[in-house]
Amino acid sequence: MTRVDCPQRKVSSVAMITIVSGKGAPGATTTLAALAVTWPAPVLLADCDPDGGDLAPGWLGQWVLAGQLRTEVGVLSHATATRHAPAGDPARLLEHVQAVPPARHVGLLAGLSATSQQGAVGVSGWTRLTVALAAFKTASGQSADALVDAGRFGATTPWPLLLAADLVLVAVRPTTRHVLAARPVLAELGTRLASARLGLAVCATTAAGTREVRAALGRDTALEVPADATTASALSEGMDGGALPRRSLLLRSTREAAGRLHRTYHRHNPHDLPASAPRASAHLLAGEAR
């Protein structure tokens with residue numbers, strides 16, 4: 001794998017958490033969407049899978065069909081608009097972020113539509129985006145944390161988004177196939193990241209399953225997501241119009257984790273508003289989605 005050299009994590013008030021996965025579909029995108037929904041403050045959900053994003057066409061598909069979300073506004077449009085910029089500009093990033101209709105405290109940076117678009121972003125584009133994410137603020141000037149889906153780990157992985165993250169999560173299910181797929185990912189990441197910045201997101205699991213994964217991989221579990229087919233299908237496939245159940249074991253679990261992760265990694269700026277559970281009508285952005 002080609003080694004990419006770029007700045008390590010810089011001190012910022014914004015928390016940046018990036019998730020990657022090995023082979024298969026362990027549930028990384030679903031887990032990140034659930035974290036965003038339950039995040040206790042404004043948050044930017046960045047779909048940075050170089051092989052093509054699943055957040056907009058999956059969970060948010062009905063709003064794409066209705067014209068309320070545009071898949072061409074996001075990672076690709078930002079890379080194109082800033083291609084002559086020497087560094088990332090957080091103010092420019094806001095132009096490419098769209099409000100998420102069912103969770104107005106969440107902003108979406110829509111992902112690539114096809115693998116062929118990777119070349120239009122490149123390492124320089126991922127680097128500019130990383131710098132912008134690390135200092136991103138809402139239209140009202142409040143720092144917004146970033147949850148980044150970097151897709152399946154491989155040759156095209158956007159390394160800048162991993163090296164700059166406060167925490168990199170490797171998504172894995174409690175199955176032999178997923179555990180074996182996670183091992184080489186953890187080994188490679190372990191050569192570039194401090195141990196404290198690398199953890200597991202165990203998806204569709206039980207307490208016993210999580211213990212087995214932790215023992216097999218020798219890593220701490222930063223996030224444990226219980227099996228919940230109804231909520232998972234809404235967040236991954238947009239089932240039931242993307243509507244989330246009022247009572248959800250998955251969302252209850254991620255709400256607790258989101259609060260803990262926000263408290264741990266968000267460095268409060270005196271100019272920020274106190275972090276609290278966002279109202280359903282709260283907007284991350286000024287105005288409606290583009």
Point-to-point distance, once rounded to the nearest 0.5 Å, from CG of Leu32 to CG of Asp47 = 8.5 Å
For the residue pair [X] and [Y], what are the closest heavy atoms and their distance?
X	Y	answer
Ala204	Arg173	CB-NH1, 3.2 Å
Leu167	Ala196	CD1-O, 4.3 Å
Leu235	Ala33	CD2-CB, 4.0 Å
Ile19	Ala201	CD1-CB, 4.1 Å

Could you tell me whether the side chain of [X] and the main chain of [Y] form a donor-acceptor pair under 3.5 Å?
X	Y	answer
Arg92	Ala132	no
Thr82	Ala85	no
Gln98	Arg70	yes
Thr80	Ser77	no
Asp240	Ala243	no
Ser248	Pro245	no
Asp166	Met16	yes
Thr175	His178	yes
Thr254	Leu35	no
Asp228	Leu250	yes

Validation row: [X], [Y] side chains within 4.5 angstrom (heavy atoms):
X	Y	answer
Leu44	Asp145	no
Leu55	Asp49	no
Leu193	Leu163	yes
Arg219	Leu198	yes
His266	Val14	no
Leu60	Pro102	yes
Val148	Ile17	no
Arg192	Trp159	yes

Option from Leu186, Val168, Val170, Val185 for which side chain to side chain contact (heavy atoms under 4.5 Å, CB included) with Phe153 holds =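 The single option meeting the side chain to side chain contact (heavy atoms under 4.5 Å, CB included) with Phe153 is Val185.
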Quick check: is [Y] connected to [X] through a chain of hydrophobic side chains (ILVMFWY, heavy atoms under 4.5 Å apart)?
X	Y	value
Tyr265	Leu147	yes
Val106	Val64	yes
Leu69	Met239	no

inquiry  = A quick test of your reading: do over 12 heavy atoms of other residues, nucleotides or ligands sit less than 6.0 Å from CD of Gln117?
reply    = yes
inquiry  = If only side-chain N and O atoms count, and only distance matters, is there a donor-acceptor pair under 3.5 Å linking Thr29 with Asp149?
reply    = yes
ask   = Going by atom types only, do Thr210 and Thr205 share a side-chain donor-acceptor pair under 3.5 Å?
value = yes
request  = Could you walk me through whether Thr231 and Leu251 pass side chain to side chain contact (heavy atoms under 4.5 Å, CB included), step by step?
outcome  = CA-CA 8 Å; Thr231 305; Leu251 294 180; 3.9 Å; yes
